[in-house]
Amino acid sequence: NTGTGQWQMCAPTAGNSATVTIMGNITQTGGEFSPTGTHNANTAITINHSGNITVTGGNFSISRGSQGGAGSTVWNFMGGTFRLSKATTQNSNPGGAKFIFAKVGASQTLSFSDVTFGSGGFPVEVDSGATLHMGTSILQGDGSFNLKAGGTLVTAHQEGMNGSIANTGSKTFDNASSFGFNGSIAQVTGNLLPDTVNSLILNNSQGITLSKSVVVNGTLEIQNGALSFGNHLFSYGGNASLKYSGSSAQTTTDAEFPPSGGPKNLIIANSRGVMLHASRTVDNLDLTGKLELGANTITASSATNGDNILA
């Protein structure tokens, strides 16, 4: 808490750069905190941060200086959780400053509560290999949002991606990115979902409904609940997979596992078992969990852990 003062971590001279490494957590209860307040042109500032961030008051901003309109401030966040509540955030360098969720191979959480988004907003980028969980939080303000190829965005908002990503600045969702839905009430995907995605991850017992037609080129993963199409089309790309990974028993349906046009690969990763509702054919079958056939058959060109098939 800086009181009435400001703490700006660095201020390189024009044409120079600065790198700050933070190994621990940041806790802010008031005052004003930012990487920089410099207006010096062509400055490059990098923050590499491995801890968590908890802000419960004051002003937390990615940049409080214009950097001459030709500089950059990049905050590489490798921590687990960023919580911003009862606080203000702004950005004086909207063309060159961004906050990157960059913890590759692990989940990160972003939450907003009673936040005032000032000029420039809070510019967010989800890096390739990172997974950002937003819960029911809403990104607002006129900052940007960028979900890069290989990145994953997970929302619990009932309006899906439109509910979570409500900023008025630019919104970019790469067609090779993935999207998860883990709400506690029924959700729609939202029209911000691209026409083509890498993967969809469903974890909502109340179900998820498409807001538009979509092609999955990677994996449709069902952890809990079901996908409803509404009046839209769902399609698999040529090398796509269907994965069941629930923690309780699951049963396949025609919706996600149709008799034709289905997935190339079937992955059973549910130790509680998956019941096949009708006979099906796939190219590749991966059975780390149990597949129960009943009176049906599964035909595959290749299979892994075939002993997990139960007639």
Side-chain angles (χ1 to χ4, degrees), residues 1-79 81-103 108 110-112 115-127 130 132 137 139-148 165-172:
N1 190 329
T2 65
T4 58
Q6 296 184 14
W7 182 10
Q8 297 164 356
M9 288 189 282
C10 58
T13 57
N16 289 306
S17 62
T19 299
V20 178
T21 300
I22 305 171
M23 300 303 295
N25 299 330
I26 294 174
T27 302
Q28 180 181 354
T29 59
E32 300 188 27
F33 178 75
S34 68
T36 186
T38 185
H39 297 286
N40 296 329
N42 300 310
T43 49
I45 296 168
T46 302
I47 311 297
N48 296 317
H49 183 198
S50 297
N52 298 321
I53 300 175
T54 303
V55 182
T56 55
N59 183 307
F60 179 99
S61 297
I62 185 65
S63 179
R64 294 295 298 274
S66 68
Q67 297 181 261
S72 63
T73 295
V74 176
W75 190 309
N76 295 308
F77 182 62
M78 280 81 74
T81 303
F82 182 8
R83 293 189 174 94
L84 189 64
S85 65
K86 298 179 181 179
T88 296
T89 186
Q90 64 191 81
N91 178 19
S92 300
N93 184 12
K98 57 186 175 181
F99 192 96
I100 303 177
F101 289 86
K103 192 173 185 178
Q108 297 177 281
L110 171 63
S111 66
F112 297 116
V115 173
T116 298
F117 292 87
S119 177
F122 185 71
V124 173
E125 182 171 290
V126 182
D127 208 356
L132 179 62
S137 290
L139 177 65
Q140 301 181 71
D142 58 355
S144 60
F145 180 86
N146 181 21
L147 179 61
K148 296 178 67 175
I165 310 302
N167 57 305
T168 59
S170 64
K171 305 179 186 74
T172 304

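In this text, all values refer to a predicted model and were calculated from it rather than measured experimentally.
Side-chain atoms of Q108 come within 3.5 Å of backbone atoms of G79 as a donor-acceptor pair (strictly under, hydrogens ignored). With hydrogens and angles ignored, the 3.5 Å screen pairs a side-chain donor or acceptor of N93 with a backbone N or O of G71. At distances below 3.5 Å, at least one donor-acceptor pair connects side-chain atoms of S61 with backbone N or O atoms of Q90. At least one donor-acceptor pair under 3.5 Å links the side chain of N40 to the backbone N or O of P12. In this structure, the side chain of N52 engages the main chain of T81 through a donor-acceptor pair within 3.5 Å. Side-chain atoms of H39 come within 3.5 Å of backbone atoms of S66 as a donor-acceptor pair (strictly under, hydrogens ignored). No donor-acceptor pair closer than 3.5 Å links the side chain of D127 to the backbone N or O of A130. Remark: the backbone N or O of G121 is paired with a side-chain donor or acceptor of D142 at under 3.5 angstrom.
Nearest approach of N1 to G31, heavy atoms of both residues: OD1-N, 3.5 Å. Closest heavy-atom contact between V55 and A87: CG1-CB, 3.8 Å. Shown here for I45 and C10, the closest heavy-atom pair between the two residues is CG2-SG, 3.6 Å. Residues P123 and N91 share a closest heavy-atom pair of CG-ND2, 3.6 Å.
In this structure, the separation between OG1 on T56 and NZ on K86 is 8.5 Å, given to the nearest 0.5 Å. Taken to the nearest 0.5 Å, the OG1 atom of T13 stands 11.0 Å off from the CG atom of N42. Atom CG of N48 sits about 10.0 Å away from atom CE of M23, to the nearest 0.5 Å. Note that CZ of F112 and CG of L139 are 5.0 Å apart. Values are rounded to the nearest 0.5 Å. To the nearest 0.5 Å, atom OG1 of residue T89 and atom CG of residue N59 are 6.5 Å apart. Separating the CD1 atom in I47 from the CD1 atom in I26 is a distance of 8.5 Å, to the nearest 0.5 Å.
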Original post:
After noting the C-alpha distance and the side-chain angles of W75 and I62, does the key distance pass the side chain to side chain contact (heavy atoms under 4.5 Å, CB included) rule?
Top reply: CA-CA 8 Å; W75 190 309; I62 185 65; 3.6 Å; yes
**OP:** Applying side chain to side chain contact (heavy atoms under 4.5 Å, CB included), run through M9 and F33 and close with a yes or a no.
**Re:** CA-CA 8 Å; M9 288 189 282; F33 178 75; 3.8 Å; yes
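In this structure, the side chains of I53 and F60 come closer than 4.5 Å at one or more pairs of heavy atoms.
In terms of the ring pair (Phe, Tyr, Trp, His ring centres under 6.0 Å) criterion, residue partners of F77 (sequence neighbours excluded) are, by chain and number, H49, F99, F101.
Defined by atom type and a distance below 3.5 Å, a donor-acceptor pair is missing between the side-chain atoms of T36 and Q67.
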